[in-house]
Amino acid sequence: MGYEFKNIEEKWEKVWEENKTYKTDAYDFSKPKFYILDMFPYPSAVGLHVGHVEGYTATDALSRMKRAQGFNVLHPIGYDAFGLPAEQFAIKNNKNPSIYTDQNIDNFRTQLKRLGFSYDWDREIKTTDPDYYKWTQYIFLKMYDKGLAYEDYRLVNWCPALGTVLANEEVIDGKSERGGFPVERRPMKQWVLKITAYGDKLLEGLPTINWPASTLTMQKNWIGRSEGTVCVFDVKNSDKKVEVFTTRADTLFGCTYVVLAPEHPLVKELTTPECQAAVDEYQKEVASKSDLERTDGSKEKTGVFIGSYAINPINGKEVKIYIGDYVLATYGSGAVMAVPTHDQRDYEFAVKHNIDMLQVIEGDCSKSAYEGDGKHINSDFANGMNNQEAKKAITEKLIELGKGRYQVNFKLRDWLFSRQRYWGEPIPVVHMDDGTTKPVPYSQLPLELPELDDYKPTGDGQPPLSKATQWLNTTLDGQHGLRETNTMPQWAGSSWYYARYIDPHNKEAIGDKKLLDHWLPVDVYVGGAEHAVLHLLYARFWHKFLHDEGIFSSSEPFQKLFHQGLILGSDGQKMSKSLGNTVSPDDVIAEFGADALRFYEMFKGPVDQSMPWSNDGPRAAKTFLDRVYRLYADENYRQLWSEEDNKDLDFVYNATIKKCTEDFEILHFNTGLAQIMVLVNELYKAKSLPKKMLLGLAQLLAPVVPHLAEELYNLLGFEGLIDFVAWPSVNEAALDAKPVVYAIQVNGKLKGTIEFKKDASEEELEDLKKQALALDRVVATLEGHEVKKIIVVKNKIVSIVMK
RNA sequence: GCCCGGGUGGCGAAAUCGGUAGACGCGUUGGAUUUAAAAUCCAAUGGACUAAUCAUCCGUGCCGGUUCAAGUCCGGCUCCGGGCACCA
């Protein structure tokens, strides 16, 4: 018979709720602070996923341990509630998406409470709340004031048949996901945030934060800072100039053609009449391709000659100008100098179009480009130099000729910030009749989303808000104007939400400065690795901006970051409705209880690793928890309870405290819980059960299975809650008392073990060597051989090397 | 294609400043208890060879290297997963 999880869990959840057990007094600066945060969920209609449960349990367990360790813990939750599904609900039902959003949030909240998460529910936020997005708009205006928000033409996925702009996700192989209509890329005036202005700061901050190395590397590569040279090519019979950016100025003498992005503004002017038809056709073809397709190196490099010639500034040589889709308008200057001998993409393009090649670095370029370092040839004054020397010499020469300059370039592109959607924060600017653009005054924030009669797109590319006639027309400083009808992307609200939890009801500011200074940065942040660049980079950008504005004193938002892995279906596939392999946390809770679900998800493996769901897992967790419960509730075991110590258990008990304390801190719950199982197995064999250890065991379990831990605490005869009882401490002497086990190897193969004093001295280790050589299996193996040397690694191993 | 991870028993995994590979759990098998079953408790469990829980050999995706010693480090592959800027 197992414990009655339903009664027990609901009983304690009620106690926590009624007492507001986990309410945080943010102004209590007497204890050290600890801010633990999950990436907040998008409240979808399907409700909480077992994947959410994993990350949320990990942070909840850490929060609970930190409270017991005497920290003032901030552990809030909220909802990232703008998004596509709500908009589609609105279009379908002709109802405001807030209805759909609020229903889903109610459902999420019920589910979260039933899992026993120790959130401070008075701090709950949602990004769609005008009291929240007032400050999202405020930050946008601050950026606008600083010139970091600007309008520009950018390519969007335009579907003429649907009359709407589509998200990348809604486009599959150049066709719309709904209906399969052709999609083309067409330029549209958009708001853009100048994240590139923070390129260096975003890069410099990386070494100061405690994040997974892989994520730091991905951000570094995404920012993609490179130092290079801009070379200016004159155009033959024209006063136009083509600027190219290159990191390989050393190869300039080998340049045999120039390629512009098909969207490059000069294409129109430089295309000759005889090439016009081919260029038009090519541009049309490229319009249907995504950047991803265009930069896929496995695809054939396509392009066409546009009829004009550029003049290589270093040697005056005339070279053909092509357009090619492997050159992106958004990177560098949207044009490249092509050196087929020393760049693989150029090599492939040149082979296909039968363009000359000229080798300028010694190395083999007969089958493919030689991209390595080497001695320069065919390069006039740069002959004999290596890459670095030649780069410098050639760039200096270009500068002298007025045909070049050094330049730092980022792969990072400015952040496209407009969406042609309804369900997002309105961008608070007005386009005045006189052609100027004015920001909405701060005093008029929040600029609320108006209700619409119809949420469908207009069909001509105008966002749905352009239908809100009354809202649209406004006056500012006595002048008439039209409001901006684009809305912000979902990323906006999630770029600063972590700061709002600190002072969520503040009407005057993002938060009380004193509180923001105290609580930021977030100490531990947990969320999926799929956010490694976008969300985590945007949030860092906004944080650094607000730091520069004097609003935040810290320079990074998230000090320590953990990723949680995906939970796959039991078939090893990603969980999806269509595969029928989804698992609902509600079903698992109904059958085994919230604690069993929490325990299973923490025990099944490392939090950061993706792994399949096991249907046996939660049941096994419940079996173990029953086994624990019996020690506290079953008369047979209660009779063994003792006020006295039990020396036999000292080592394993203290080892368990140590392991759990260390492992929980770094979210390695699986190994900590495994050690708790070892302790429980020992308790089952023991002749007496010290009550002190039973209390300690309940405390160690409390972070992961809080409901059961409260119950065990009461079964031990204590009144009240276990949550704030001081975390158990390790008796190191009990750990040191035990001898260590040395492995004895001959030529790396294990021949036996010897128990020996821990941290023995050099003389004592001589004795160990003798004992090792005397082992039967060692003697047998060594027979007829000579011992060459003996290596002793303290507390670990004796390695005998024989000839 | 580019950037970043990962591959260990029948299964989830543990062990990475190089030091006893498989802790802990699932599953399986055997035993105790029971009229019986469930539940519970105890024990065994990588593979080959074996009467054997002796010994020996093999074994951490594949090929090669460094070392007294390699799951761990190095070189070259391969397969799987995440991201690629309008999904969040």
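What you are looking at is a predicted structure, and each value in this text was computed from that prediction instead of being measured. Chain naming here is simple, since letters A, B, ... match the order of the sequence lines and numbering starts at 1 in each.
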Need one value for [X]: base, sugar-phosphate or nothing, where a base atom within 4.0 Å counts as base even if backbone is also close, heavy atoms only.
| X | value |
| --- | --- |
| A:V793 | base |
| A:Q344 | nothing |
| A:K788 | nothing |
| A:I676 | nothing |
| A:L412 | base |
| A:S44 | nothing |
| A:I744 | nothing |
| A:H535 | nothing |

Least distance between heavy atoms, [X] atom then [Y] atom:
| X | Y | result |
| --- | --- | --- |
| A:P457 | A:I91 | CD-CD1, 4.2 Å |
| A:H535 | A:H531 | CB-ND1, 3.8 Å |
| A:P212 | A:L561 | CD-O, 3.3 Å |

d([atom1], [X]; [atom2], [N]) in whole Å:
| X | N | atom1 | atom2 | answer |
| --- | --- | --- | --- | --- |
| A:I790 | B:G19 | CD1 | C1' | 16 Å |
| A:L416 | B:A85 | CG | P | 11 Å |
| A:E348 | B:G1 | CD | C1' | 10 Å |
| A:N795 | B:U20 | CG | P | 13 Å |
| A:I800 | B:U20 | CD1 | C1' | 14 Å |
| A:K794 | B:G18 | NZ | P | 19 Å |

Legend entry - Short side-chain donor-acceptor distance under 3.5 Å, A:S226 and A:N409: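 No, because no side-chain N or O of A:N409 sits under 3.5 Å from a partner of the opposite role on A:S226.
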Inset, instruction - Decide whether A:Q219 and A:W211 meet the rule of one side-chain donor and one side-chain acceptor closer than 3.5 Å. - result: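 No, no side-chain donor-acceptor pair sits under 3.5 Å.
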Taking the six-membered ring for Trp, is the centroid-to-centroid distance between [X] and [Y] below 6.0 Å?
| X | Y | answer |
| --- | --- | --- |
| A:F541 | A:Y198 | yes |
| A:F669 | A:F603 | no |
| A:F140 | A:F417 | yes |
| A:F592 | A:F5 | no |

Legend entry - In B:G9, glycosidic geometry as syn within 90° of 0 or anti otherwise: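 Syn for B:G9; the angle stays within 90° of 0.
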Could you give the distance from [atom1] ([X]) to [atom2] ([Y]), rounded to the nearest 0.5 Å?
| X | Y | atom1 | atom2 | answer |
| --- | --- | --- | --- | --- |
| A:E530 | A:M39 | CD | CE | 7.5 Å |
| A:K751 | A:R777 | NZ | CZ | 5.5 Å |
| A:E54 | A:H49 | CD | NE2 | 10.5 Å |

Could you write out each protein N or O paired with an N or O of nucleotides 28-33 of chain B at a distance under 3.5 Å?
none

Inset, instruction - Test for a donor-acceptor pair under 3.5 Å between the base of B:C86 and the side chain of A:Q420, counting only N and O atoms. - result: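 Looking at the base of B:C86, it does pair with a donor or acceptor on the side chain of A:Q420 (distance under 3.5 Å).
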Legend entry - Partner of A:Y497 under ring-ring contact (aromatic ring centres under 6.0 Å, His included), chosen from A:Y538, A:F40, A:Y132, A:Y79: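 Single ring-ring contact (aromatic ring centres under 6.0 Å, His included) partner of A:Y497 among A:Y538, A:F40, A:Y132, A:Y79: A:F40.
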Inset, instruction - Nearest-nucleotide wise, let me know which of A:H668 and A:G752 is further upstream toward the 5' end of RNA chain B. - result: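 Final value for this comparison: A:H668.
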Legend entry - Contact nearer the 5' end of RNA chain B, comparing A:W491 with A:V741: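 Between the two, 5'-proximity favours A:V741.
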Set out, line by line, the N/O atom pairs under 3.5 Å between protein and nucleotides 2-13 of chain B.
residue: B:C3; atom: O3'; partner: A:N221; partner atom: ND2; Å: 2.7
residue: B:C3; atom: O2'; partner: A:N221; partner atom: ND2; Å: 3.0
residue: B:G12; atom: O2'; partner: A:K604; partner atom: O; Å: 2.7
residue: B:A13; atom: OP1; partner: A:Q609; partner atom: NE2; Å: 3.1

Inset, instruction - Determine: side-chain N/O of A:K659 to OP1/OP2 of B:A14, distance under 4.0 Å, yes or no. - result: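 Answer is no, no contact under 4.0 Å.
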Legend entry - Phosphate OP1/OP2 of B:A85 contacted by A:R413 side-chain N/O (<4.0 Å):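 No, outside the criterion.
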Using nucleotides 51-56 of chain B, report all nitrogen or oxygen pairs with the protein that are shorter than 3.5 Å.
residue: B:U56; atom: OP1; partner: A:K751; partner atom: NZ; Å: 3.3
residue: B:U56; atom: OP2; partner: A:R777; partner atom: NH2; Å: 3.0

Inset, instruction - Using a 3.5 Å limit on both pairing distances, list the dot-bracket string of RNA chain B from the 5' end; Watson-Crick and G-U wobble pairs count, crossing pairs take [ ], interstrand pairs take |. - result: (((((((..(((......[....)))((((((.......))))))(((.......)))..(((((..]....))))))))))))....
Legend entry - Residue pairs involving residues 415-426 of chain A (criterion side-chain hydrogen bond (donor to acceptor under 3.5 Å, both in side chains); sequence neighbours excluded):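 Sorted pair list: A:N96-A:Y422, A:Q420-A:N486.
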Inset, instruction - Find out whether the Lys NZ or Arg CZ of A:R627 is both under 6.0 angstrom from the six-membered ring centre of A:Y684 and within 45° of the ring's axis. - result: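 Yes, A:R627 sits over the ring of A:Y684.
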Legend entry - Row check, A:F651 ring normal vs A:K738 NZ/CZ: under 6.0 Å, within 45°: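 Yes, A:K738 lies over the aromatic ring of A:F651.
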Legend entry - Flag, side chain of A:N747 to backbone of A:M802, donor-acceptor distance under 3.5 Å: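 A pair under 3.5 Å: yes.
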Legend entry - Pair A:R630 + A:D626: basic N to acidic O under 4.0 Å: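 Salt bridge absent between A:R630 and A:D626.
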Could you list all N or O pairs between the protein and nucleotides 41-43 of chain B that sit under 3.5 Å apart?
residue: B:C41; atom: OP1; partner: A:R627; partner atom: NH1; Å: 2.7
residue: B:C41; atom: OP1; partner: A:R630; partner atom: NH1; Å: 3.0
residue: B:C42; atom: OP2; partner: A:R627; partner atom: NH1; Å: 3.4

